[in-house]
Amino acid sequence: MPRYDFRSIESRWQQYWEENQTFQAADCVAEKEKLYVLDMFPYPSGEGLHVGHPEGYTATDIVCRHARMQGKNVLHPMGWDAFGLPAEEFARQKNIHPAIKTEENITTFRRQLKMLGFSYDWSRELSTTDPDYYRWTQWIFLQIHDTWYDAACEWTGPDGVTRTGRGRPIAELPIPADVSAEGTAAVRRYQDRHRLAYLSEAPVNWCQELGTVLANEEVIDGRSERGGHPVERLNLKQWMLRITAYGDRLGDELENLGWPESIKYMQRNWIGRSTGAEVDFAVATDQLDHAAWMQQRNESGFPAEQDAGTIRVYTTRPDTLYGVTYMVLAPEHPLVDQLTTADQQAAVDQYRREASLKSDLDRTDLSHSKTGVFTGGYAFNPVNGEKVPVWIADYVLISYGTGAIMAVPGHDERDHEFATAFQIPIRQVVAAAAADAEPVDISAAAWTEHGVAVNSGVWDGTPTAACKAGITTALSEQGVAREAVNYRLRDWLFSRQRYWGEPFPIWHELDDDGQPTGLMRAEPIESLPVPHPHVEDFQPTGTPEPMLSKASEEWLYKTDTDGVRLKRETNSMPQWAGSCWYYLRFCDNKNSQQFIDPEKEKYWLPVDLYIGGAEHAVLHLLYARFWHKVLFDRGLVSHPEPFRRLVNQGMILGENGEKMSKSRGNVVNPEEVVEQRGADSLRLYEMFMGPLEQVKPWQTSGVEGVYRFLGRVWRLIIDDRAAENVIDAAVTEDAATAEQLRMLHRTIKAVSEDVQRLSFNTAISRMMEYTNFLYEQPSRSRSLLEPLVLLLSPFAPHISEELWNALGHTHTLAYEAWPAWDESLLVESTVEIPVQVSGKLRGRITVAADATAEDMQAAAQADPAVQKHLEGRTIIKVIAVPGKMINFVAR
RNA sequence: GCCGGAGUGGCGAAAUGGCAGACGCGCCGGAUUCAAAAUCCGGUAGGGGUAAUUCCCUGUGUGGGUUCGAGUCCCACCUCCGGUACCA
């Protein structure tokens with residue numbers, strides 16, 4: 001019994017915390033400083049917890065327990081990201097309903113997390129699959145659906161910052177007169193085209209085997225990330241979210257976030273903003289007189305939409321227009337047919353067929369060399385009237401820019417490779433700016449640096465930057481170009497064909513023949529949630545027809561009050577949807593009137609610390625920020641960013657230094673560790689392994705080490721030979737000595753500062769050192785032990801509660817004041833400092849702590865060891881840092 | 001290719017430009033024990049020297065540099081890990 005019996009201790013305290021609701025957070029406590037600390041909530045897989053989960057979760061738990069002891073009001077919730085494909089795949093194989101399997105998995109996860117003693121406020125638990133939760137996921141979708149982006153709107157938000165561009169209610173969208181003249185149906189279609197959630201026919205990654213479309217990032221080398229099934233490209237009507245409208249703000253507002261620079265960088269890269277120009281090239285035909293076309297453009301100006309008979313390209317290097325020797329259209333480009341001549345038709349058709357079979361990822365695989373086909377058609381270069389051949393090639397993507405490029409092989413690597421392969425002329429139009437630079441040679445490779453224009457008519461000698469601006473302005477005035485901004489970021493493909501996802505709160509109007517008219521109605525907010533329909537058959541439909549189309553007629557159809565027949569949208573939302581806003585719902589998870597009470601939102605948000613794996617660096621974090629900004633624009637949240645500080649925990653590798661995986665047989669099961677050494681040992685070990693953010697291998701013997709440490713702390717206080725928890729005889733009520741106090745306060749300071757910095761491994765080392773020190777002491781004053789228990793409690797809460805109790809306290813230590821250190825007790829009267837001679841350590845002297853440089857020098861020169869090294873040498877210089885070190889520079 | 005991050009004992013690691021290797025693992029030795037486990041105490045970068053020591057030399061991926069002084073700052077390079085990749 002008085003041995004350190006973690007089994008009984010841990011279950012007893014977990015029960016105590018639960019019964020006393022120790023960690024329930026009160027909302028809107030004005031007199032306390034709030035702290036919202038969030039873990040990335042897990043997908044409750046059938047495998048249960050792995051050791052990576054407790055890593056981040058322990059880190060946040062330490063921060064929270066520490067903060068409570070500092071008197072802060074702490075929000076520390078947990079929930080489940082429970083929609084998703086694995087449960088559906090399981091259902092398909094075992095014919096068990098995903099809802100049942102999901103509930104089972106959640107039960108396991110909850111039990112495992114409780115077993116680790118995390119101080120979550122479990123009353124705020126939520127699952128994305130709860131109707132009460134997805135009701136509001138659907139509601140937020142309707143807010144996004146009800147919003148258009150007014151790029152010109154200048155406004156000042158509740159944060160006091162003035163921005164340009166705002167998501168506004170669709171009712172405020174100005175309707176052009178010619179549209180309203182066509183009637184209400186035309187107006188509705190016009191609005192639908194401008195919503196932030198819109199339907200679009202687009203080539204998507206369709207996986208027959210999984211029975212769903214996949215996001216680009218879910219496709220690897222032409223196969224599904226999950227299961228490795230083949231993926232093909234299909235044109236399907238899909239829901240898209242207009243995240244590109246927020247591209248600039250998502251990029252710019254990263255600036256002040258306390259996030260790792262690498263993550264910010266990755267997000268900026270993902271957004272990939274570039275600036276340049278759109279330029280129109282007139283398609284050469286027998287009838288076209290280029291000079292006349294230019295004249296006409298000069299009068300009409302640059303058309304907003306690309307007009308017939310012109311190829312519009314996007315370029316970031318308008319300064320290289322004189323170097324254009326050919327153009328390329330994406331194979332899917334609508335002008336291909338028009339440009340292709342009769343004798344090239346067959347080759348073009350075949351090339352397009354081949355390209356259509358490849359996914360974007362196949363096409364962007366750099367390993368294959370450039371392919372393409374000449375269309376037979378030509379277009380006029382607006383800067384010099386040259387006729388340039390137009391090709392099609394799959395290195396140009398229809399989904400980026402205008403789907404067409406002007407090719408400048410002299411100054412673009414891809415164009416150079418292509419031109420070389422097809423013997424197209426390469427022309428130099430940029431030269432090195434510096435007079436003494438080596439001449440640029442573009443025969444073997446493109447030269448992509450900035451310099452000065454050459455072979456570029458009136459622009460010769462103009463530096464690249466000025467030339468870009470100059471040509472763009474000049475061509476704009478002639479009506480053949482305009483400045484343009486492009487993003488690598490695409491609109492977010494938001495629909496899936498899966499069963500186990502949120503239904504869309506959208507109805508499609510049907511005509512008398514039961515066919516969709518293309519007009520839609522939103523589900524009225526008061527009838528949310530659109531319930532997740534029950535089905536019995538989880539086999540994929542085998543077609544792009546979504547799984548939800550297997551639902552009952554009653555779910556699928558209704559007649560609206562005006563007599564219009566309606567059919568439900570049968571696509572479902574992707575797994576990202578639920579995780580886009582869960583951090584908001586934690587603040588107010590039981591609210592049946594609103595997705596969050598504005599008062600609670602103002603109080604708790606933003607999240608002060610968000611810890612999770614780096615695998616979510618881009619997608620989850622970008623999507624959540626996007627939703628948050630839409631809600632912000634619509635006045636539904638008061639902060640522009642959801643997560644103030646972000647930390648990525650490093651992956652834990654197997655004992656062999658490889659990634660943990662079943663196939664490698666190196667998976668460590670946390671439940672077994674808890675079984676053998678207890679939750680406190682697991683928590684402590686995961687924090688002791690190394691810096692939180694670092695990738696580090698598991699060492700089972702390391703768990704043993706921290707377990708021994710906990711045993712040592714236990715025996716500092718408890719007499720482990722007694723039958724009951726009896727305080728050890730060595731524990732006294734005496735006053736501590738000055739040295740003991742110095743060690744204590746040094747430890748308090750170090751641990752406090754380390755916790756602040758999330759440097760948990762060094763904090764634990766400090767407590768170990770202090771414990772080792774106490775073992776050397778002939779007697780142990782209680783005043784030296786109680787603070788240690790408090791310092792240890794965020795790391796190993798169960799043993800700490802037990803020891804606190806044994807020391808005579810009747811209440812939990814969760815809200816005891818965090819120990820304070822007294823700086824005056826830290827100073828020692830004397831210090832030992834190193835003495836160097838010419839930079840080499842030659843001795844040590846002990847001097848008064850406040851010794852001056854002169855005192856130190858005198859003491860050092862009196863030291864025999866130092867004297868030996870100074871003998872016969874001339875001291876050139878003495879560097880003495882009081883209290884630190886002294887160095888004689890001698891010759 | 002590009003962009004990050006990291007290279008320190010047998011291992012995980014520590015170190016505001018100021019005594020490299022704290023703390024832990026492992027290993028070695030001792031105490032305790034009939035014996036073992038557990039526990040407690042001591043040692044442990046490498047090489048050399050000494051009867052012994054608070055002795056000497058070398059050492060933080062490689063090569064340069066700045067500095068009285070560099071694991072730490074600067075330049076070049078090597079290796080590993082992560083991310084990303086025809087975005088015009």
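Here is the naming used below: chain letters follow the sequence lines, and residue numbers restart at 1 for every chain. Note that this is a predicted model, so its numbers are computed, not measured.
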What is the distance, to the nearest angstrom, from the [atom1] atom on [X] to the [atom2] atom on [N]?
| X | N | atom1 | atom2 | value |
| --- | --- | --- | --- | --- |
| D412(A) | G1(B) | CG | C1' | 14 Å |
| D863(A) | C19(B) | CG | P | 18 Å |
| N648(A) | A6(B) | CG | C1' | 16 Å |
| I263(A) | U84(B) | CD1 | P | 11 Å |
| R317(A) | A88(B) | CZ | P | 12 Å |
| L397(A) | C86(B) | CG | P | 7 Å |
| N269(A) | G4(B) | CG | P | 10 Å |
| R268(A) | G4(B) | CZ | P | 12 Å |

Remember a base hit wins even if backbone is also touched, and classify [X] as base, sugar-phosphate or nothing at under 4.0 Å, heavy atoms.
| X | result |
| --- | --- |
| H869(A) | sugar-phosphate |
| K884(A) | base |
| F688(A) | base |
| D415(A) | nothing |
| Q836(A) | base |
| R708(A) | sugar-phosphate |
| F709(A) | nothing |
| P260(A) | nothing |
| S838(A) | nothing |
| N772(A) | sugar-phosphate |
| R842(A) | sugar-phosphate |
| E261(A) | nothing |

Where do F888(A) and V866(A) land on the side chain to side chain contact (heavy atoms under 4.5 Å, CB included) test, with the steps shown first?
CA-CA 10 Å; F888(A) 294 94; V866(A) 177; 4.3 Å; yes

By nearest nucleotide on RNA chain B, pick out whichever of S759(A) and N887(A) is the more 5' one.
S759(A)

Nearest-nucleotide 5' precedence on RNA chain B, G705(A) against R844(A):
R844(A)

Given L621(A), which of L254(A), L257(A), L646(A) fulfils the side-chain contact (heavy atoms from CB on, under 4.5 Å) condition?
L646(A)

Against V668(A), only a single residue in L682(A), V673(A), V703(A) fulfils side-chain contact (heavy atoms from CB on, under 4.5 Å); can you say which?
V673(A)

Hey, is the side chain of [X] poking within less than 4.0 Å of OP1 or OP2 on [N], counting only N and O atoms?
| X | N | result |
| --- | --- | --- |
| K264(A) | G83(B) | no |
| N761(A) | G24(B) | no |
| R712(A) | C40(B) | yes |
| Q694(A) | C81(B) | no |
| S274(A) | A88(B) | yes |
| Y265(A) | C3(B) | no |

Pairing nucleotide - [N], Watson-Crick or G-U, each distance under 3.5 Å:
| N | result |
| --- | --- |
| G18(B) | C68(B) |
| G42(B) | C28(B) |
| A37(B) | none |
| G12(B) | C23(B) |
| G59(B) | none |
| G7(B) | C78(B) |
| U54(B) | none |

In whole Å, measure the gap between the [atom1] atoms of [N] and [M] for me.
| N | M | atom1 | result |
| --- | --- | --- | --- |
| C77(B) | C25(B) | P | 42 Å |
| C73(B) | U79(B) | P | 22 Å |
| U44(B) | G21(B) | C1' | 12 Å |
| G10(B) | U62(B) | P | 14 Å |
| C3(B) | G12(B) | P | 29 Å |
| C11(B) | C27(B) | C1' | 11 Å |
| A36(B) | U72(B) | P | 49 Å |
| G61(B) | A13(B) | P | 14 Å |

Y314(A) versus Y400(A): any side-chain heavy-atom pair under 4.5 Å?
yes

Does the ring of F418(A) carry K370(A) above it, NZ/CZ under 6.0 angstrom from centre and within 45° of its axis?
no

Stacked cation flag R746(A) on W821(A), 6.0 angstrom / 45 deg:
no

Among the nucleotides [options], which one has an atom lying closest to any side-chain atom of [X]?
| X | options | value |
| --- | --- | --- |
| K696(A) | G12(B), G83(B), C23(B) | G12(B) |
| S765(A) | G18(B), U58(B), C23(B) | C23(B) |
| R488(A) | G12(B), U84(B), C68(B) | U84(B) |
| I879(A) | C41(B), C68(B), C86(B) | C68(B) |

Looking at F281(A), is its backbone amide N or carbonyl O close enough to the side chain of N381(A) to form a donor-acceptor pair, meaning the two atoms are under 3.5 Å apart?
no

Could you check whether any side-chain N or O of K468(A) sits under 3.5 Å from a backbone N or O of G276(A), counting only pairs where one atom can act as donor and the other as acceptor?
no

Of all heavy-atom pairs linking M406(A) and D415(A), the shortest is O-OD2, 4.0 Å

Looking at the angle O4'-C1'-N9-C4 for a purine or O4'-C1'-N1-C2 for a pyrimidine, is G63(B) syn or anti, with syn meaning within 90° of 0?
anti

Identify whether the distance between the nearest side-chain nitrogen and carboxylate oxygen of D728(A) and R780(A) falls below 4.0 Å.
yes

